[in-house]
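Written below as structure tokens is the structure these notes are about.
Just so it is clear, the structure is predicted and the values come from calculations on it, not from any experiment. Each chain gets a letter, A, B and so on, in the order its sequence line appears, and its residues count up from 1.
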Amino acid sequence: MEHIRTPKVEQVKLLDRFSNKSVTGTLHLTATHLIFVESNSTSAQEIWILHHHIASVEKLSLTTSGCPLLIQCRNFRLVHFVIPRERDCHDIYSSLLRLLRPVSYDELYAFSYNPKQNDQQREEGWQLIDLAAEFERMGVPCDQWQLTDVNREYKVCETYPRDLYVPITASKPIIVGSSKFRSKGRFPVLTYFYQEKKAAVCRCSQPLSGFSARCLEDEHMLQAISKANHNSRCIYVMDTRPKLNALANRAAGKGYENEDNYPNIRFQFVGIENIHVMRGSLQKLLEVMGTRSLSMTDYLVGLENSGWLRHIKAIMDAAIFLAKAVTVEGASVLVHCSDGWDRTAQVCALGSLLMDPYYRTIKGFMVLIEKDWISFGHKFADRCDQLDPDPKEVSPIFTQFLECVWQLTEQFPQAFEFSEWFLIQIHEHVHSCQFGNFLGNSQRQREDLQLKERTYSLWAHLLSEKQNYLNPVYSLSFAESHPVLEPSTQAYHFKFWRNMYHQYDRSMHPRQSILKHVLTLKESNRELEGTVQALKTKLQAFGVSTSPLKPQTPPRERSLPSRPQSLILGAPLLSRKEVQQEEDEEVLGEEAREDAPASTDGERTVEGSSATENGYGELTGSFGSKNEPAVVTLEFGVARMTC
Amino acid sequence: MELSEHIKTANVEDVTLRRPFHPALRGTLCVTSHHLLFSNRKDEASWQLLILLKNIDAIEKRAVGSSGTITIKCKDLLVLQLEIPGMEECLNIASSIEALSSLESVTEMYPFFYRPSHLTLLGPWGLSTTEQYYKQTERLWDRWRVSKVNSDYSVCPSYPSAVIVPREVDDDKLIRSARFRQGGRFPVLSYCHHSNGMVIMRSSQPLTGANKKRCKEDELLLQAVIDGSELGYIIDLRSAQQAQQARMTGGGFESKSCYRHWKRIHRHHERGKVVQESLIKLVEACSDLSHSVDRWLSKLENSKWLSHVHSALSTAGLVVECVERDGHSVLVHGSEGTDNTLLVSSLAQIILDPASRTVTGFLCLLEREWIQAGHPFQQRCAHSAYSHARLKQECPSFLLLLDCVWQVWRQFPLALEFSEALLLRLAQEVYASNYGTFLCNNEQERCAAGVKENTHCLFQSMLKPDIEEQYLNPLYEPTDLAIWPSVHPQSLQLWTGMFLRWTEYAQNMEEAREEVWSIVKEHRERV
């Protein structure tokens, strides 16, 4: 709190990013949030920005109307305030600079966030995901794979979890020897077991082969993996890096497997670029998308030049290769990149998702993230810039994974139990530092921080509002008939994910959502069914037979039993949160309201007609000029409805 | 020459057919005057494939040993292959297809021969007429009238016989105004807004020419449109520079000094050949099987198709803004007033008018604003994206409209009563049809060819209850509000249902749609 010099500034203008519209309101600065409350009483919108979400704050040069403050968030929100007095602006600015750069983990929101749960509930939350049970689900341990305790004390590899699964023929000396020959000690371990063909997906980091070094234990290790699969002796080794990068690594004493030294391997480069390229690519993408009155040509050229979708496709291609090798050829695959925690996590997780319908359910997807990302040490703290940032370590690796999944949901609308809002919500919380799951860089660090005792689990929170994330057209029979997804990699399937990168640019989104609407219908179907059942039971209790027609039970009765109001057709689907839980979900709630059918929504009308005053000036202003710009920048750039 | 004379080989056995989503089939190929039939059964009455020859945009033949392969590319973007044993048969079939798919004479076309048992040629043709529209639209009665000045199509060959004009302007003035407008397309009413009585007019460009001619009657006509209110807008669908240049060839624009109460806004729209080439490039890009994202994006950009969608929606938005928000009447025109003009005026109505968002309302809108208003369908839709023929007057304006409507539906999925299926059906029918609706270039030609007496009306058949059902949007919830689409490039998308229609992607989408339907049906039954 001592960092906050000015907790409240009035008469602050919030400028719309893509039009000349603005609203006036009050800015509040709290220990955890920056809050903007619009003064207009009829449509008072509130914006809550968690400090952890802020990526950068910029004070622009003074204008006649005040001092502009530009805030960029990690969830791709961009807000532009104009603060009347420069001193206030400076106060806010410097407070924010301090607040968004926490120096110790204790300062993170997760350690102060309290959703009013008791310890038991908290513990239950953390027990939701059990990786041992997950390996059991895959059929491990089995006659070929076993749990090893070499890393129980994090002695062999400190970025790996304690429990690791290896081939039964891999003895401790082999494991230890292999780990010494692998970058950061990340030796080959099992991450997914394809029971049907007894084929394994293993992951590791690059070998320290340099130009000629060998390691017998490491060779034995691969041999053991190969022996564990009776279907196919040959194992694929996927180096997810471009060949050039791998070659360059050799000069530093690292590198890749020499096929001559490892019998039965098929070595393959995949060509996913490194974290620096990905960071640059996203930056370019956001720059283009943030341009005002962007033309169609600039949009498409910018999309191409950013290379973003090319990278997404590269990851997808790799995952498809992996899934094919395992499911079609029944071969085991070893995946690595340099350290084996970025590209390797992407490819293993996405590949497993293609192979196993379980990972396409809400619970299964949580398990997948917990396994391939959290437990195997994707460096969330570094990549997501949680603490004491090194800008060179930040990279949207996990975002890319979520996007790949989204691209799949677009291609297979019935294959996933969850909708894109689930993915977006996870992305939100990877950066919010509100829950303990993603804090730190490895399991070991998480244990040191005692996260399970001191913070709450995101998964419990998400499961509690599961109905908001359901995909209404999810079909179990589709999952049964398509256990393995075979996505097309035609270029036209790769689309720009507007709802992620423009989540907060309200003007850009459809004002009506099929998803939310159908979800409401489905929910209401379920309710009606429930009511009918309840009434039947009641009647039976009174000794009335339920089979004949019963005019005395009008269908209207269905509104009698009490139920959450959100289920009423057309009402906001996401219920508003309690104040202490408010945060960014608030915004989702806001959106849901917009997405509700028009006829039930008075507010939109207000918004539309109040917007009316603004554009006219622009309209008349455009008459005089001889060379009209081809692109219209008027008000109707905004999707809306008016009377 | 009889049509049958084009057919040298009517039947070929042992032909192999390859097409998307189906295993290769072996069977008999048969060419008739209007159709290509393929059957793999002895039973003649059943067939696996029936294509209107008019639907065929291009064919490519290739010899493989003694047999030949014909690749058929249809105007609805379907591509299929026929392997025909015997080179001679192959060449004969190919030349029959070439000759019969490009018939020029309207009365030889299939709609004149299509006689299904469930339809009758008796009774009125079409959904509505100008007079009926006027009668139904009470808000017009006060200040507007139906003029029959064009009853013999002499004033404007491309207008219908009846048009709606300001009550106080007599027919003589209309004739004079028509002489001052390209193709005689004087300003007529297109839409009158239900909430404030403001109107959208459309016309062609005025023939001011290099020496700035004036026409008093034309000025009076427009003056009568705004009737004392201080301002109207002219949305000129050309850039200011293009409008200036048009004067050199006898065209021009309404100058400020002559039309004092009208303000002119220029919005550049591509037309004709440029748009046709966009379509060709887009379809080419969609059938490119290379897997490079960069190449795809660059081809998509290069086609400029989405840019046309973007400008059409933007300008329609501008028109709506003038009418609905600012409460002013609007005149829309480009050069000829038969393409972009209709595109913009009909899109504006979709955005503004809830009545045009129902199945019937939408089809009526198309009938009024495209068919009666004289969009030259025969010229514009002679060829589609695959044809190698030299472009004459082809332009996919209508397809562009359907794409724009699809974009609106994407953004307001509950606001339209019809579904994508209706748009897809129209996109197909406009190029090749059993029905007479899209034949000819205007009402005059349709009259001369006897279209109304000798063909069936597509729209009527689509509105038959059992047929209409397949075009309904399960989620439809009528709204009286104007629906303003967002025109950020990020908000516009490739119309995959159309352009990627023959891919597996479309099939997955179809299944998802069916699931939505079943949820809605379940809900209706429960409630």
Side-chain angles (χ1 to χ4, degrees), chain A residues 18 289 294-297 299-301 303-304 309-310 313 411-414 472-473 475 488-494 496 498 502 507-508 510-512 514 517-518 521-522 524-525 528 555 597-599 605 612 615-616 619 622-623 626-628 630 632 634-643, chain B residues 195 239-240 263 265-268 286 289-298 300-301 306-307 310-311 314 317-318 320-321 324-326 410-415 475 477 479-491 494 500 504-505 508-509 511-512 515-516 519-520 522-523 526-527:
Chain A
F18 294 105
M289 297 307 161
L294 184 64
S295 76
M296 187 53 85
T297 297
Y299 164 71
L300 291 171
V301 169
L303 195 56
E304 181 191 344
L309 290 176
R310 187 176 69 225
K313 183 171 180 298
Q411 241 187 83
F412 301 101
Q414 297 193 272
V473 296
S475 144
S488 156
T489 56
Q490 280 289 331
Y492 48 63
H493 286 302
F494 294 85
F496 173 69
R498 186 189 57 212
H502 288 296
S507 64
M508 239 175 237
R511 282 296 154 122
Q512 298 176 325
I514 295 185
H517 189 74
V518 175
L521 287 182
K522 213 174 165 182
S524 133
N525 280 354
L528 290 174
S599 45
T605 322
T612 300
Y616 182 64
L619 186 62
S622 63
F623 288 128
K626 279 213 157 168
N627 287 326
E628 294 288 339
V632 188
L634 297 171
E635 269 308 302
F636 54 80
V638 177
R640 63 172 194 274
M641 298 168 96
T642 55
C643 312
Chain B
S195 70
S239 68
K263 289 202 162 185
I265 306 177
H266 290 277
R267 286 282 176 258
H268 174 68
C286 290
L289 295 180
S290 89
H291 291 248
S292 151
V293 173
D294 289 4
R295 185 164 150 168
W296 157 249
L297 287 173
S298 123
L300 181 60
E301 189 283 310
L306 283 172
S307 299
H310 183 254
S311 25
S314 302
L318 179 67
V320 175
E321 197 167 54
E324 199 252 1
R325 214 189 57 188
D326 300 338
R410 285 282 304 185
Q411 298 192 24
F412 297 93
L414 312 185
L475 304 177
E477 284 186 0
T479 169
D480 285 336
L481 306 176
I483 50 173
W484 303 69
S486 157
V487 293
H488 292 293
Q490 291 96 319
S491 307
L494 176 71
L500 301 177
E504 272 166 46
Y505 173 75
N508 285 341
M509 290 299 135
E511 281 167 23
E515 182 66 30
V516 169
I519 293 171
V520 171
E522 191 188 349
H523 186 258
R526 291 245 158 88
V527 177

### Partner set under salt bridge (charged side-chain N to carboxylate O under 4.0 Å, His left out) for B:Glu515, not counting sequence neighbours
none
### Summary
In terms of heavy-atom contacts, A:Pro472 and B:Ile519 come closest through O-CD1, 3.4 Å
## Note on the structure
In terms of heavy-atom contacts, A:Asn525 and B:His523 come closest through OD1-CA, 2.9 Å
### Query
Roughly how far, to the nearest 0.5 Å, is the CD atom of A:Glu304 from the OG atom of B:Ser292?
8.0 Å
## Note on the structure
Okay, A:Gln414 and chain B: the region with an atom under 4.5 Å from a heavy atom over there is side chain
### Summary
Note: B:Cys286 and A:Tyr492 closest approach over all heavy atoms is O-CE2, 3.4 Å
### Message
If I measure from the heavy atoms of chain A, does B:Arg295 come under 4.5 Å with its side chain, its backbone, both, or neither?
### Response
neither
### Task
For B:Ala512 and A:Pro413, work out which heavy atoms get closest and say how close.
CB-CG, 3.6 Å
### Message
Less than 4.5 Å to any heavy atom of chain B: does that hold for the side chain of A:Lys522, its backbone, both, or neither?
### Response
both
### Proximity breakdown for A:Ser488 and chain B, heavy-atom pairs closer than 4.5 Å
neither
### Query
In terms of heavy-atom pairs under 4.5 Å with chain A, which of B:Val320, B:Val516, B:Leu289 leads?
B:Leu289
### Query
A:Arg498: what forms a side-chain contact (heavy atoms from CB on, under 4.5 Å) with it, not counting sequence neighbours?
A:Phe496, A:His502, A:Met508, A:His509, A:Pro510, B:Gln490, B:Ser491
### Summary
From the list B:Asp294, B:Leu306, B:Leu500, the residue making the most non-hydrogen contacts under 4.5 Å with chain A is B:Asp294
